[in-house]
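Below: one structure, written as structure tokens.
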2 protein chains.
Amino acid sequence: MHSAGVLTIGEFARLTHLSVRTLRRYHDAGLLEPARVDPASGYRYYTVEQIPTAQVIHRLRELDVPLADVRRILDSPDPQARGRLVAEHLRRLEAELDRTRAAVASLRRLLDPAPAALDVELRRVPATEVAAVAAEVALTDVLSWYAGAVAELDAAVPEPTGPPGGLYDDALFTAGRGHVVVHRPTAEPVRAGRVRPMTLPAVELAVATHVGAHDDIDVTYGELGTWVVGQTLAVAGPVRETYLVGPRDTPDPAAWRTEIGWPVFRVG
Amino acid sequence: MHSAGVLTIGEFARLTHLSVRTLRRYHDAGLLEPARVDPASGYRYYTVEQIPTAQVIHRLRELDVPLADVRRILDSPDPQARGRLVAEHLRRLEAELDRTRAAVASLRRLLDPAPAALDVELRRVPATEVAAVAAEVALTDVLSWYAGAVAELDAAVPEPTGPPGGLYDDALFTAGRGHVVVHRPTAEPVRAGRVRPMTLPAVELAVATHVGAHDDIDVTYGELGTWVVGQTLAVAGPVRETYLVGPRDTPDPAAWRTEIGWPVFRVG
DNA sequence: CCTCGACCTTCCCCGGGGGAGAGGGTGCAC
DNA sequence: GTGCACCCTCTCCCCCGGGGAAGGTCGAGG
């Protein structure tokens, strides 16, 4: 069984620096079909022409591309489609890198004692008429969903009477998905596309303003919660955020200001 | 049960944006002990003072720090020790980022058609006397092990008669760990520390030279293997690498030259 | 023919959770 | 008193990309 260019799985493994185990798995997953499988013995035979494919798979796996996506990339017929899929994964890597950087920065701030006290205000808010887009959203999708919803909202609301805001169900954070509303206050009811008129009920809010990008926002949530509990109050979602200064206003995250309003009620 | 500052697990989850499930898991793992556990009901009670700890854990998990390491970080008493552990993880992240960058660059090269043909030479090599450091090494540790071994070797060998080289067992790549030897040719036997005299046996080698950093080296291995198979030869490890130009010579990876010699034998 | 290595399949394990469901206790409002 | 939201424990199963081991079969060489 040594015709020229035909390799057993072990030889192929040595030439590609993949393990035999991994090659079998790639076969089962439909990623790298052996050139021939002996029907009697089940032996897998590979050819040298498959080495470059194996190397591409190897690189994609080093980039943590899931096997299913690797298959899609390899199956896409023309190089352009392939390039698009790869580029999309690279964008995903970039985004993850941004998140990592943000977590590192936030961790440094958490470990350095940052005693800056938070201003918290108790505010009674009347019922408000808004134009809103609402949906059940997963936590991982909330940023992209928000981008689309706010764009549609901006297009539909000609003269908003205040900055945009959002309502976030507790379950979004504790269960990973929940009801989310993005809204802008309006004088007239607006109904277009996904946009619907909506009345935000009157509530009593504990309000604090978060300064900076949102990577740290749970810290402000924690401080706000600490204050609320210290006042013998309790929180009762959904929480309201108001984007006083956001990416629409300035590209510098350090200048962003987000008002967090947590509905409270008295305990005991 | 609503004394000021004491929270049920659900309330604590809302304040920290962690799931109830995860908080229970962190308790079981000894990461975040509730301030009080009711012996009758088993209810976990947390205090607002624990919020910052929960946030640090959250950040570390965002950085993929394993729970066991998170525990070590939290358990380390003084802030300096903590900072060291965190810094160590950040270094690990940096290293991974480097690997990711290398994989991206290599992937681009693989997807662009790079037809540059490889020069392969069949060479009969006589037995050679060398000074060597050998060990059983895991693939993940090979770079750091190599750095230490080559430093010791350089210190022990006053007048090497050629560039440094390495021997790598097949199992290193296919099983993740294997026998590795780093050596330099010498006129006189050298024995110091881990350094031992050794005779490299005479073999017939298929030799190719890899140009550039080692992130791509498996591509050259694949091309060399393709050539060998095309000559109706077969490879038989361990493979030999000779570092003609390496990091010791120039910091520019593009100028590095690594000779790869694969022992071959005739088939059929 | 026998042995040995290479190959085959199948099953369990890892980590850090998510999800579901059973079976029961707790605390608060109506 | 009753409903209901919340909490408890416990048990299984799932995700992913492998690693490892068990036990069987194949092929080549002496």
Side-chain angles (χ1 to χ4, degrees), chain A residues 1-2 6-14 18-32 34 36-46 57-58 60-71 138-140 170-178 234 236-237 265-268, chain B residues 1-3 6-14 18-32 34 36-46 57-58 60-71 138-140 170-171 173-177 234 236-237 265 267-268:
Chain A
M1 190 40 57
H2 257 298
V6 172
L7 306 162
T8 67
I9 196 170
E11 294 167 332
F12 194 73
R14 282 189 286 276
L18 291 164
S19 76
V20 169
R21 187 78 199 303
T22 300
L23 286 173
R24 286 202 271 254
R25 178 170 291 273
Y26 290 172
H27 179 195
D28 294 345
L31 277 187
L32 186 62
R36 192 171 80 79
V37 178
D38 187 311
S41 67
Y43 276 32
R44 297 167 175 86
Y45 294 101
Y46 296 81
I57 297 175
H58 197 165
L60 291 172
R61 285 296 307 133
E62 284 176 345
L63 298 174
D64 280 330
V65 176
L67 291 191
D69 295 11
V70 173
R71 182 154 20 121
L139 182 54
T140 49
D170 283 339
L172 178 63
F173 304 106
T174 60
R177 64 181 296 117
F265 62 96
R266 300 180 188 277
V267 190
Chain B
M1 188 43 61
H2 256 297
S3 52
V6 172
L7 306 162
T8 67
I9 195 170
E11 295 167 332
F12 193 74
R14 282 189 285 278
L18 292 164
S19 76
V20 170
R21 181 83 193 268
T22 300
L23 287 172
R24 287 203 269 254
R25 178 173 292 271
Y26 289 172
H27 179 195
D28 294 345
L31 277 187
L32 186 62
R36 195 170 78 79
V37 178
D38 187 310
S41 67
Y43 275 32
R44 296 166 176 86
Y45 293 102
Y46 296 85
I57 298 174
H58 197 164
L60 291 172
R61 286 296 306 135
E62 283 176 347
L63 297 175
D64 280 330
V65 177
L67 292 190
D69 295 11
V70 173
R71 182 151 22 120
L139 182 54
T140 50
D170 282 338
F173 304 106
T174 60
R177 65 181 295 117
F265 62 95
V267 190

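Nucleotide C:dA6 holds its P atom 15 Å from the CG atom of A:Leu7, rounded to whole Å. In this structure, NE2 of B:His27 is placed 16 Å from P of D:dC7, rounded to the nearest angstrom. We find that CG of A:Leu139 is positioned 14 Å from P of C:dG17, with the value rounded to whole Å. Rounded to a whole Å, the CG atom of A:Leu23 is 10 Å from the P atom of C:dC7. D:dC7 atom P lies 10 Å from atom OH of B:Tyr45, rounded to whole Å. Atom P of nucleotide D:dG17 and atom OH of A:Tyr26 are separated by 8 Å, given to the nearest angstrom. If you measure from atom CG of B:Asp69 to atom P of C:dC14, you get 17 Å, rounded to the nearest angstrom. The CD1 atom of B:Ile9 sits 12 Å away from the C1' atom of D:dT9 (whole-angstrom rounding).
Residues meeting the side-chain contact (heavy atoms from CB on, under 4.5 Å) test with A:Phe12, sequence neighbours left out: A:Leu7, A:Thr16, A:Leu23, A:Leu32, A:Tyr46, A:Gln50, A:Ile51, A:Ala54. Residues passing the salt bridge (Lys or Arg N to Asp or Glu O under 4.0 Å) test with A:Asp64, sequence neighbours excluded: none. Contacts of B:Arg25 classified as side-chain contact (heavy atoms from CB on, under 4.5 Å), with partners at least two apart in sequence or in another chain: B:Arg21. Remark: A:Leu139 pairs with A:Leu172, A:Phe173 by the side-chain contact (heavy atoms from CB on, under 4.5 Å) rule, at least two apart or across chains.
Each of B:Leu31, B:Leu67, B:Thr22, B:Val65 was checked for a side chain to side chain contact (heavy atoms under 4.5 Å, CB included) with B:Ile57, and the lone residue meeting it is B:Leu31.
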Verdict with reasoning, B:Val37 to B:His27, per side-chain contact (heavy atoms from CB on, under 4.5 Å):
CA-CA 11 Å; B:Val37 178; B:His27 179 195; 4.1 Å; yes
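Between B:Ser19 and the phosphate of C:dG18, there is a side-chain N or O to OP1/OP2 separation shorter than 4.0 Å. Between A:Arg61 and D:dC16, a side-chain N or O to OP1/OP2 separation shorter than 4.0 Å is absent. A close approach under 4.0 Å does not occur between any side-chain nitrogen or oxygen of A:Thr22 and OP1 or OP2 of D:dG17.
The side-chain heavy atoms of A:Glu11 and A:Arg14, taken from C-beta on, include a pair separated by under 4.5 Å.
A donor-acceptor pair is defined here as one N or O able to donate and one able to accept, closer than 3.5 Å; no such pair exists between the side chain of A:Arg71 and the backbone of A:Gly30.
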Could I get a table of every N or O pair under 3.5 Å where one atom is in the protein and the other is in nucleotides 23-25 of chain C?
from   : atom 1 : to      : atom 2 : distance (Å)
C:dG25 : N2     : B:Tyr43 : OH     : 2.6

Can you name the atoms? Protein N/O to nucleotides 9-13 of chain C N/O, anything below 3.5 Å, with the distance.
from  : atom 1 : to      : atom 2 : distance (Å)
C:dT9 : OP2    : A:Arg44 : NH1    : 3.1
C:dT9 : OP2    : A:Arg44 : NH2    : 3.0

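Separating the CG atom in B:Leu18 from the CD1 atom in B:Ile9 is a distance of 10.0 Å, to the nearest 0.5 Å.
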